[in-house]
There are 2 protein chains.
Amino acid sequence: MPSSTVENYLKRIYLEEQAAPGAAVVSMKNLAGVMGVTPGTATSMAKSLADSRFVAYEPYGGVKLTARGRTLALRILRRHRLIECFLVDALGLDWSEVHEEAESLEHAISDKLLDRIDEFLGFPSVDPHGDPIPNAKGAIRQAALTPLTEAEEGAEVRVARILDQDEDFLRFVDRHHLRPGTRARVLVNDRAAEALTIQTGKLPAVTMGRTAAAKIMVEGPRP
Amino acid sequence: MPSSTVENYLKRIYLEEQAAPGAAVVSMKNLAGVMGVTPGTATSMAKSLADSRFVAYEPYGGVKLTARGRTLALRILRRHRLIECFLVDALGLDWSEVHEEAESLEHAISDKLLDRIDEFLGFPSVDPHGDPIPNAKGAIRQAALTPLTEAEEGAEVRVARILDQDEDFLRFVDRHHLRPGTRARVLVNDRAAEALTIQTGKLPAVTMGRTAAAKIMVEGPRP
DNA sequence: ATACTCTTTTTGACTAATCAAAAACCACCT
DNA sequence: AGGTGGTTTTTGATTAGTCAAAAAGAGTAT
Ligand SMILES: [Mn+2]
Ligand SMILES: [Mn+2]
Ligand SMILES: [Mn+2]
Ligand SMILES: [Mn+2]
């Protein structure tokens with residue numbers, strides 16, 4: 001049984017691979033950065049993950065999940081996201097605080113309990129942040145979404161996913177009613193000024209910077 | 001923050017102290033036995049717990065919780081038992097399988113989530129096995145119970161607590177409807193034969209041995 | 001191709017938790 | 001007091017995960 005450290009590394013490697021679909025591998029610098037360890041630690045962990053055949057590791061090359069590694073990564077991701085759902089839907093925790101909690105529970109829960117939770121929730125397909133939940137076989141269905149920064153002025157969009165788990169950012173999103181599921185209209189998208197103004201229902205419009213807008217993924221207007 | 005290993009040792013030491021209220025200390029042999037480690041490991045852990053002031057340790061003497069250690073032990077016990085309640089009451093898991101699950105979740109849950117669960121459950125005072133749940137301040141209210149082996153023949157008793165978390169034993173208890181809360185009549189209590197026969201409602205009577213009966217704690221007839 | 005910089009790997013060290021086996025100790029019995 | 005059995009401690013080793021700092025390598029610019 002892999003330790004929770006191993007589980008965390010694999011989940012992280014998976015997310016980094018997704019975040020940069022261009023790059024074929026995850027570098028030691030990148031890995032050390034996101035895991036909050038020194039580069040030397042990342043290297044020795046890469047070797048040990050390679051020994052367990054969770055990743056392919058090429059010295060000076062970087063690390064890349066094997067099928068085996070991806071399977072495990074997706075299992076942890078499934079746990080993480082189902083737990084987030086459960087905490088929000090069943091216990092009424094705030095979506096801005098469930099990420100940390102899920103970060104530790106994901107390693108402690110049995111498969112049996114997880115299945116029970118999945119059933120209890122009615123087999124949800126996305127978590128409270130709009131992140132897709134892998135199914136029990138590890139299949140993940142990713143809807144085609146575009147970052148808010150790409151939206152045309154005047155377009156009506158539906159918020160689908162928030163790419164940042166940071167509590168403050170989530171509370172900002174919440175305050176302006178831009179949670180997944182909400183419909184909103186893009187009033188201004190000024191690429192030169194790197195600013196975007198959006199409005200939900202009858203609420204006052206809100207203006208945000210380009211980097212903030214890039215973390216909000218939307219479905220565009222019906223084609 | 002203490003590791004889950006430390007939490008497990010302290011919880012265990014607390015339970016051993018309770019189990020033998022006569023003995024002032026827990027011996028290394030005892031501790032090693034219940035923790036499933038070698039005596040040498042128990043000794044070195046005893047030293048390290050003493051360094052953290054969780055226990056008083058006297059070489060060749062044994063180990064005894066300090067106030068600080070007891071506080072932590074009770075916090076873990078509270079977590080364990082509230083989690084068991086939650087799994088049974090909210091998710092419908094069987095009481096015979098929640099112990100193992102709680103054994104790992106007790107180390108992974110935040111205080112905030114625990115409070116939410118406590119509230120959700122309506123602040124229960126006992127877990128599904130009848131074990132008392134320490135309150136948030138660490139106070140534990142132990143009802144005065146007697147083992148079934150002490151019951152008089154013909155007495156009507158109320159099952160209050162099952163002292164063994166073993167799955168098979170719990171299923172046996174369940175099969176004969178002897179869960180905490182059930183009222184039953186002691187038909188035979190033959191101390192020489194070390195056998196006891198008990199009946200619940202209209203169900204067929206069941207006969208069990210002395211050691212099994214000793215693990216079922218009851219409230220006697222109204223005085 | 002040479003030098004410089006940034007990344008990666010190596011080395012040596014440390015902590016927590018564990019075991020096996022040897023040594024020390026305690027308690028009790030003659 | 002001396003011996004014996006059981007318990008406890010010590011010793012030496014192992015594994016996982018980590019850091020700091022030195023060494024090696026790779027890529028880029030001149
Ligand atoms: Mn985690
Ligand atoms: Mn999420
Ligand atoms: Mn535990
Ligand atoms: Mn219990």
Side-chain angles (χ1 to χ4, degrees), chain A residues 1-13 16-17 19-20 22-65 69 72-73 76 103-104 106-108, chain B residues 1-13 16-17 19-20 22-65 69 72-73 76 103-104 106-108:
Chain A
M1 197 98 315
S3 68
S4 47
T5 304
V6 166
E7 293 184 343
N8 282 332
Y9 274 92
L10 293 177
K11 189 181 63 170
R12 215 61 229 178
I13 292 168
E16 292 305 307
E17 286 184 352
V25 296
V26 178
S27 72
M28 293 305 110
K29 188 182 188 217
N30 185 184
L31 185 55
V34 294
M35 290 303 295
V37 298
T38 61
T41 300
T43 298
S44 78
M45 196 56 179
K47 284 177 183 169
S48 121
L49 292 176
D51 285 349
S52 313
R53 313 242 296 318
F54 287 129
V55 301
Y57 163 66
E58 212 54 66
Y60 295 100
V63 104
K64 184 176 193 285
L65 289 178
L72 185 46
I76 309 307
E103 206 55 58
S104 62
E106 66 191 1
H107 312 289
Chain B
M1 200 98 317
S3 68
S4 47
T5 305
V6 166
E7 291 184 344
N8 282 332
Y9 274 92
L10 293 177
K11 188 180 62 171
R12 216 61 229 176
I13 293 168
E16 292 305 308
E17 286 184 351
V25 296
V26 178
S27 72
M28 291 306 107
K29 185 177 192 225
N30 185 184
L31 185 54
V34 295
M35 291 302 297
V37 298
T38 61
T41 301
T43 298
S44 78
M45 196 55 178
K47 284 177 183 171
S48 120
L49 293 175
D51 285 349
S52 314
R53 337 216 95 260
F54 287 130
V55 302
Y57 164 67
E58 210 57 63
Y60 295 100
V63 105
K64 184 177 193 285
L65 289 177
L72 185 45
I76 309 306
E103 206 56 57
S104 61
E106 67 190 0
H107 312 289

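This one's a predicted model, so the numbers in the text were calculated from it and none came from an experiment. Here is how names work: the chains are called A, B, and so on, in the same order as the sequence lines, proteins then strands, and each is numbered from 1.
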Using the 3.5 Å cut-off, write out each protein N or O paired with an N or O of nucleotides 16-23 of chain D and the distance between them.
from: D:dG17; atom 1: OP1; to: A:S3; atom 2: OG; distance (Å): 2.4
from: D:dT18; atom 1: OP2; to: A:Y9; atom 2: OH; distance (Å): 3.1
from: D:dC19; atom 1: OP2; to: A:T38; atom 2: N; distance (Å): 3.0
from: D:dC19; atom 1: OP2; to: A:T38; atom 2: OG1; distance (Å): 3.2
from: D:dC19; atom 1: OP2; to: A:T41; atom 2: OG1; distance (Å): 2.8

Q: Rounded off to whole Å, could you give me the CG-to-P distance for the B:L10 and C:dA17 pair?
A: 11 Å
Q. Which residues within residues 23-31 of chain B lie with some heavy atom under 4.0 Å of an atom in DNA chain D?
A. B:S27, B:M28, B:K29
Q. With sequence neighbours left out, what residues match B:S104 under side chain to side chain contact (heavy atoms under 4.5 Å, CB included)?
A. A:A108
Q | Strand-adjacent residues in residues 51-61 of chain A, judged by heavy atoms under 4.0 Å from DNA chain D | A | A:Y60
With a 3.5 Å cut-off and sequence neighbours excluded, list the donor-acceptor pairs that the side chains of residues 24-37 of chain A form with protein atoms.
from: A:S27; atom 1: OG; to: A:N30; atom 2: N; distance (Å): 3.0
from: A:N30; atom 1: ND2; to: A:E16; atom 2: OE1; distance (Å): 3.3

Q.
So, using side chain to side chain donor-acceptor pair (under 3.5 Å) as the criterion, who are the partners of B:K11 when residues are at least two apart?
A. B:E103, B:E106
Q | Results of side chain to side chain donor-acceptor pair (under 3.5 Å) for A:S4 - residues two or more places apart only | A | none
**Q.** A:T38: partners by side chain to side chain donor-acceptor pair (under 3.5 Å), with sequence neighbours left out
**A.** A:T41
Which pairs of donor and acceptor atoms, one on a side chain in residues 52-65 of chain A, lie under 3.5 Å apart (sequence neighbours left out)?
from: A:S52; atom 1: OG; to: A:S48; atom 2: O; distance (Å): 3.1

Q) Say you draw a straight line from CE of A:M1 to CD of A:E7; how long is it, rounded to the nearest 0.5 Å? A) 8.0 Å
Q. For the residue pair A:G69 and A:L10, what are the closest heavy atoms and their distance?
A. O-CD1, 4.4 Å
Q | OG1-NE2 distance between A:T5 and A:H107, expressed to the nearest 0.5 angstrom | A | 8.0 Å
